[in-house]
Amino acid sequence: MGATGIRALRQYLPDLKRDLQLDFAVANGENALDGYGPSPDTCEQLFGAGIDVVTSGNHIWDNAGIIPFAAREPRLLRPHNYPGMVPGTGVGVYSAATGGRVCVINLMARTFMEPLDDPFAMADALLQEHRLGETADALLIDLHGETTSEKMAFAQAFDGLASLVVGTHTHVPTADTRILPGGTAFQADAGMCGDYQSVIGYQAEPWIARFRTKMRTGRIRAATGEASLSGVFVETADGTGLAVRAEPVRVGGHLSEARPRL
């Protein structure tokens, strides 16, 4: 969430990578440019901070410069259930630090969101091609959505077919981190990397005025105070790719700390 969130990644991710022996790191970067979409530069900053793949959501097209970048950069994903003529892709297979094959799928939910193609049907088709434990050693799905109910339903529908289903979009980390019965790790929302002394990462006072008056008075900028890094840590089993451990991550800033230990 803005430059502050990128700064938190630069500050905390290297130690997390070392301490947790992380093989692969994914971040949703759709609010990286002051809260309004990724840009080529913010994507490069995220890659430079140690992120292997950047996913996105409904703000993906906020900046025109991202359109040619998405068309040529396989490490930037946009929700795969956008219309087929849209540049870029929402799925990729990448090499982890240890050489394993990591499939990342980016989809967008539909409740209170844009009426894109059905993410359930899209996942049905994608998971026929990308099979956990066969064509991928680990498989992560970022479902970008407003409601916890849709994200919970989605995760349970595909339990056993993914290493992790994680929600993004609400900027608030949920307290439901767990491994589902079939072996898929789940957290309804990963939260944000950004300043939580804010309104979902934006400056608070303009949002307070907007709620009081119902008047829109221009673009609200990202908050710039001390930032937290929020996310989820998942360990997978060799062979199956299913989760054997899932824990929330919250480091720095204003939230209570949750730092997994090996």
Side-chain angles (χ1 to χ4, degrees), residues 24-33 36-40 42-44 46-47 51-96 101-132 134-147 150-151 153-155 157-158 161-170 184-190 231-232 234 241:
F24 203 79
V26 177
N28 188 295
E30 76 146 15
N31 298 116
L33 185 63
Y36 299 91
S39 68
T42 58
C43 287
E44 294 295 351
L46 289 167
F47 298 144
I51 296 300
D52 295 291
V53 170
V54 175
T55 56
S56 60
N58 56 301
H59 286 290
I60 176 65
W61 311 120
D62 282 3
N63 302 288
I66 205 64
I67 296 173
F69 187 83
R72 68 175 185 267
E73 176 52 79
R75 295 175 296 171
L76 171 64
L77 299 180
R78 48 85 172 166
H80 202 65
N81 48 333
Y82 268 108
M85 74 284 291
V86 170
T89 182
V91 60
V93 179
Y94 311 89
S95 294
R101 300 160 299 172
V102 180
C103 177
V104 182
I105 295 173
N106 189 187
L107 294 167
M108 194 150 76
R110 297 193 293 182
T111 306
F112 304 130
M113 304 287 286
E114 296 181 58
L116 301 184
D117 290 344
D118 178 7
F120 288 81
M122 186 74 63
D124 281 333
L126 289 172
L127 293 173
Q128 290 292 318
E129 178 182 357
H130 302 281
R131 299 181 303 278
L132 184 61
E134 298 180 33
T135 65
D137 301 300
L139 192 150
L140 179 156
I141 302 175
D142 174 354
L143 182 62
H144 193 76
E146 190 73 51
T147 67
E150 188 173 7
K151 290 183 274 191
F154 183 94
F158 298 103
L161 301 178
S163 308
L164 168 67
V165 171
V166 62
T168 56
H169 181 64
T170 71
T184 295
F186 173 68
Q187 185 169 318
D189 204 288
V232 58
V234 175

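Note that the structure is a prediction, hence the values are computed from the model and not measured.
- A heavy-atom distance below 4.5 Å is not found between the side chains of S56 and H144.
- Nearest heavy-atom pair, L132 versus S163, reported as atom, atom and distance to 0.1 Å: CD1-OG, 3.5 Å.
- The line from CG of N58 to NE2 of H169 is 5.0 Å long, rounded to the nearest 0.5 Å.
- Counting heavy atoms from C-beta outward, I141 and T184 have side chains that stay 4.5 Å or more apart.
- Side-chain contact check for T111 versus E146: every heavy-atom pair is 4.5 Å or farther apart.
- Judged by distance alone, the side chain of N63 and the main-chain N or O of P38 form a donor-acceptor pair under 3.5 Å.
- The distance from the CG atom of L107 to the CG atom of N81 is 5.0 Å, given to the nearest 0.5 Å.
- At a threshold of 4.5 Å between non-hydrogen side-chain atoms, the residues R78 and E30 do not count as touching.
- For A188, the side-chain contact (heavy atoms from CB on, under 4.5 Å) partners two or more places apart in sequence, or in a different chain, are T148, T174, D176, F186.
- Legend: residues meeting side-chain contact (heavy atoms from CB on, under 4.5 Å) with P87, ordered by chain and number and at least two apart, are W61, I67, A71.
- The two residues F24 and S95 have their closest heavy-atom pair at CE1-O, 4.0 Å.
- Residues passing the side-chain hydrogen bond (donor to acceptor under 3.5 Å, both in side chains) test with T42, sequence neighbours excluded: S39.
- The minimum heavy-atom distance linking F154 with A123 is given by the pair CZ-CB, 3.8 Å.
- Inter-residue side-chain proximity for C43 and I66 is flagged as met; some heavy-atom pair is nearer than 4.5 Å.
- Between C103 and T135 the shortest side-chain heavy-atom distance does not fall below 4.5 Å.
- Of the possible donor and acceptor atoms, none in the side chain of D142 sits under 3.5 Å from a partner among the backbone N and O of N106.
- Here the CG atom belonging to L46 is positioned 10.0 Å from the CG atom belonging to N28, to the nearest 0.5 angstrom.
- Taking D137 as the reference, R101 meet the side-chain hydrogen bond (donor to acceptor under 3.5 Å, both in side chains) condition, with sequence neighbours excluded.
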Go through the steps for I60 and Y82 under the test side chain to side chain contact (heavy atoms under 4.5 Å, CB included), then give the verdict.
CA-CA 11 Å; I60 176 65; Y82 268 108; 3.9 Å; yes
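- Note that the CG atom of L143 and the CD atom of E150 stand 6.5 Å from one another [nearest 0.5 Å].
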Tell me, with the steps shown, if L164 and V232 meet side chain to side chain contact (heavy atoms under 4.5 Å, CB included).
CA-CA 9 Å; L164 168 67; V232 58; 4.0 Å; yes
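- Remark: D124 pairs with F158 by the side-chain contact (heavy atoms from CB on, under 4.5 Å) rule, at least two apart or across chains.
- Y94 has its side chain out of reach of D52: every pair of non-hydrogen atoms, C-beta onward, lies at least 4.5 Å apart.
- One distance of note links CG of D62 with CG of N31; it measures 8.5 Å at 0.5 Å rounding.
- For the atom pair CZ (F120) and CZ (R110), the distance works out to 8.5 Å, reported to the nearest 0.5 Å.
- With contacts defined as side-chain heavy-atom distances shorter than 4.5 Å, the pair L139/L161 does not qualify.
- A donor-acceptor pair under 3.5 Å is formed between the side chain of K151 and the backbone N or O of G145.
- T89 pairs by the side-chain contact (heavy atoms from CB on, under 4.5 Å) definition with L77, H80, V91, not counting sequence neighbours.
- With respect to V104, the side chain to side chain contact (heavy atoms under 4.5 Å, CB included) criterion is satisfied by exactly one of V26, V93, V54: V26.
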